[in-house]
Amino acid sequence: MRLFKEANMIQKRTKIRELLRMKPEGQSLTVMGWVRTFRNNQFIALNDGSTNTNLQVVAPLGVFDETLLKRITTSASLKIEGSLVPSSGKGQAMELVATSIEVLGDSDPEKYPLQPKKHSLEFLREIAHLRFRTNTFGSVFRVRHSLAFAIHQFFNERGFVYLHTPVITASDAEGAGEMFRVTTLPFDNPPRNEDGSVNFREDFFGRATNLTVSGQLEGELGATAFGEIYTFGPTFRAENSNTTRHLAEFWMIEPEMAFYDLEDNMNLAESFIKYIIGYAMEHNREDLEFLAQRLQEEEKALPQDKRSEWTLLEKLEFVLKNDFERITYTEAIDILLQSPAYKKKKFQYDVKWGIDMQSEHERYLVEKHFRKPVIVTNYPKEIKAFYMRQDDNGKTVAAMDILAPGIGEIVGGSQREERMDKLTARMREMHIPEEELYWYLDTRRFGTVPHAGFGLGFERMVQFVTGMGNIRDVIPFPRTPKSAEF
RNA sequence: UCCUCAGUAGCUCAGCUGGUUAGAGCAUCUGACUGUUAAUCAGAGGGUCACUGGUUCAAGUCCAGUCUGAGGAGCCA
């Protein structure tokens, strides 16, 4: 009975996104949504989240009770029945002339924090639970949804298996970053060993556990059975990073493919990025146009030389149509050494073969020299992880990073070391305990194969596509140091 | 974690070399108007000047510490 009623309510409702595509010929429709503004005691701008475009609802003068009209305040929720007609006003093609208005939920205008005006992103971050009701965040999170959907579609079309790697892990061997401990032990008085250290054998899992910093090692287990897998889930880093590009909780996509070399890996990563951007451009045109416009207005405050030369859509279009630049680390260092910036001593950090490139170096390559996404390959082994495949020269590994304009490293990947002897030798050099990773090494023990994979930070991708400057504005509930309110 | 900047009304901000009762625009409320597009016009209410301590006859203003936020750096995705 209850189910039937709910279905009935849904069937009657027309989403504004669909309504706006109809031909207005006086048809009778029901809409439900939240009030954005109420002008002139007569015109309701109604938004239901399906699109940024508000529906203009006309409440003809004299038809509705004064006490009802008083309740039509910013963000009150309404159910409206009316007829869809061509608009006699200028700002919109059609409007709904209300025959009945029901207030589903009141919104006290003295207390509701959002106003029909511009708010700073910093302020909206403080009311993250309500910011979805703004145009900017409406667009950002519809685009985020589309990108997530496109990711699954891309891999599904190519026969990849979506592998759910664990959120709680016991492995602390990879060293991808500081970890959040997971425990049920009492923190004021944990059980102790004789030497005074905490006795994790008495903890929930019988050992020390943490939130995952990467699903890659588990991903390799999948790849060496299914051939091609991908993970897409939350990842946690307890680093005290306070930047526009870091979160303590973020989402990562990590494909892992057997029978792929570095070149295959790069090809996949490049077509993957183009695919999901193309998907958003096709399905979220309106949102992207809104975000592009928002960005342009924001940049008006900047001096001429700091403004971007392209609009957001032009930038995305360009990325779609052009090949990413591919250079080796060694070539990248040469370019930096030859650069006017280096010769004029503009770099704060020195450049020489063997360094881990700094943000300023990556920015120079991507934003000044090539002016497009760049894939840098074959880094020195000293600055990369133990599992990356060693090149024949003994100096470099088959790594690749994709650097994007504006955000820097968006993808990090490599061909993995499939040769047992080389891998364990490197682990010993880097003091990584083999015993703890016996399960990982089993992939090399039993039918090892050449394989490769990469990790892509989802929020950085959403930043790139939406043009949002701060990563805290592209995840619904950002977790950063000293901040986990909602 | 380091460096720099900031915290004054619901929001965005002004407040000079310390000196009467701390201001503006927007928002809100009341009234007017009624085809408006962040409507318009008139009026009203609204403040622990982040917190703690100090200097001083006197602190929003100066000093110290703390907290929070932003930008940059490092770490990285």
Side-chain angles (χ1 to χ4, degrees), chain A residues 36-45 53-62 69-70 73-74 85 87-92 95 97 107-127 130 134-135 174-178 212-216 233-254 269 301 347-349 356-363 383-385 401-404 407-413 454-464 469-475 478 480-483 485:
Chain A
R36 281 289 172 83
T37 62
F38 184 32
R39 284 184 294 268
N40 239 341
N41 228 15
Q42 203 179 162
F43 303 100
I44 305 166
T53 313
N54 298 325
L55 172 66
Q56 167 148 298
V57 176
V58 183
L61 288 171
L69 295 178
K70 281 260 182 279
T73 56
T74 306
V85 299
S87 178
S88 35
K90 275 186 183 150
Q92 57 284 313
E95 61 195 18
V97 179
S107 172
D108 184 345
E110 304 218 30
K111 291 182 182 148
Y112 186 68
L114 289 170
Q115 301 155 17
K117 62 173 254 187
K118 269 223 156 63
H119 288 294
S120 67
L121 294 172
E122 290 84 1
F123 171 66
L124 293 171
R125 233 169 267 152
E126 288 168 18
I127 50 164
L130 292 171
T134 64
N135 284 333
E174 206 217 334
E178 288 294 310
T212 183
V213 292
S214 164
Q216 183 200 311
T235 310
F236 308 86
R237 306 262 167 100
E239 307 280 358
N240 192 6
S241 308
N242 293 286
T243 78
T244 53
R245 308 179 304 282
H246 290 86
L247 290 164
E249 176 180 306
F250 64 99
W251 287 62
M252 197 154 54
I253 297 103
E254 295 178 291
F347 291 132
Q348 198 191 329
Y349 292 88
D356 204 352
M357 278 189 276
Q358 304 292 321
S359 291
E360 58 178 353
H361 304 140
E362 296 182 345
R363 285 200 116 91
I383 57 170
K384 288 292 180 184
D401 284 0
I402 301 185
L403 312 176
I407 30 184
E409 184 178 343
I410 195 166
V411 162
F454 62 86
L456 176 139
F458 185 49
E459 281 75 20
R460 291 193 182 168
M461 194 67 216
V462 181
Q463 267 189 290
F464 185 74
N470 192 314
I471 201 165
R472 293 161 202 152
D473 296 327
V474 299
I475 187 164
T480 51
K482 301 278 184 292
S483 173
E485 175 89 13

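Only this structure's heavy atoms are used, side chains among them; waters, hydrogens and symmetry mates stay out. Lettering follows sequence order; numbering is per chain, from 1.
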### Query
Base, sugar-phosphate alone, or nothing: which one does Q358(A) contact when heavy atoms must sit under 4.0 Å apart?
sugar-phosphate
### Task
Quick one: label I410(A) by what it contacts on the DNA or RNA (base, sugar-phosphate, nothing), any heavy atom closer than 4.0 Å.
sugar-phosphate
### Query
What's the closest nucleotide to the R39(A) side chain, out of U37(B), G72(B), C76(B)?
U37(B)
#### Entry: Whole-angstrom distance between U8(B) and A14(B), as gauged at atom C1'
10 Å
### Query
With respect to the side chain of P109(A), which nucleotide from A70(B), A73(B), C29(B) is positioned closest?
C29(B)
### Message
Considering every strand and a 4.0 Å limit on heavy-atom distances, what is the contact class for R36(A): base, sugar-phosphate, or nothing?
### Response
nothing
### Query
Would you call I471(A) and H246(A) a side-chain contact if the rule is heavy atoms closer than 4.5 Å?
no
### Message
Just to be sure I understand the rule, does F236(A) reach a base, reach only the sugar-phosphate, or reach nothing, if contact means heavy atoms closer than 4.0 Å?
### Response
nothing
### Message
For a quick check of understanding: with a heavy-atom distance under 4.0 Å over all strands, which category does Q56(A) fall into, base, sugar-phosphate or nothing?
### Response
base
### Query
Reading RNA chain B 5' to 3', what string of ( ), [ ], | and . shows its pairs, if Watson-Crick and G-U wobble pairs count only when both distances fall under 3.5 Å?
(((((((..((((.....[...)))).(((((.......))))).....(((((..]....))))))))))))....
### Query
Checking all strands, does S87(A) fall into the base, sugar-phosphate, or nothing category for heavy-atom contacts under 4.0 angstrom?
base
### Query
Hey, does E254(A) reach any base, or is it just sugar-phosphate, or nothing, if we go heavy atoms under 4.0 Å?
nothing
### Query
Contact class for T37(A) vs. all strands (heavy atom < 4.0 Å): base, sugar-phosphate, or nothing?
sugar-phosphate
### Message
For a quick check of understanding: with a heavy-atom distance under 4.0 Å over all strands, which category does T243(A) fall into, base, sugar-phosphate or nothing?
### Response
base
### Task
Name the nucleic acid region contacted by K111(A), choosing base, sugar-phosphate or nothing; use a 4.0 angstrom heavy-atom cut-off, strictly under.
nothing
### Query
When you compare G47(B) with C3(B), how far apart are their P atoms, in angstrom units rounded to a whole number?
38 Å
### Task
Classify the nucleic acid contact of N54(A) as base, sugar-phosphate or nothing, counting any heavy atom under 4.0 Å across all strands shown.
nothing
### Task
For G91(A), answer base if it contacts any base atom (sugar-phosphate contacts may also be present), sugar-phosphate if it contacts only those atoms, and nothing otherwise; contact means non-hydrogen atoms under 4.0 Å.
base
Using the 3.5 Å cut-off, write out each protein N or O paired with an N or O of nucleotides 5-10 of chain B and the distance between them.
unit_1, atom_1, unit_2, atom_2, d
G10(B), N2, Q115(A), OE1, 3.0
G10(B), N2, Q115(A), NE2, 3.0
G10(B), N3, Q115(A), NE2, 3.1

### Task
Remember a base hit wins even if backbone is also touched, and classify H246(A) as base, sugar-phosphate or nothing at under 4.0 Å, heavy atoms.
base
### Task
Using only heavy-atom distances, decide whether a donor-acceptor pair under 3.5 angstrom links the side-chain of Q92(A) to the base of U36(B).
yes
### Message
When the C1' atoms of G71(B) and G45(B) are compared, how many Å lie between them, rounded to an integer?
### Response
37 Å
### Task
Return yes if the base of C76(B) and the side-chain atoms of S241(A) contain a donor-acceptor N/O pair under 3.5 Å, otherwise no.
no
### Task
Please confirm whether any donor atom in the side chain of E239(A) sits under 3.5 Å from an acceptor in the base of U1(B), or the reverse.
no
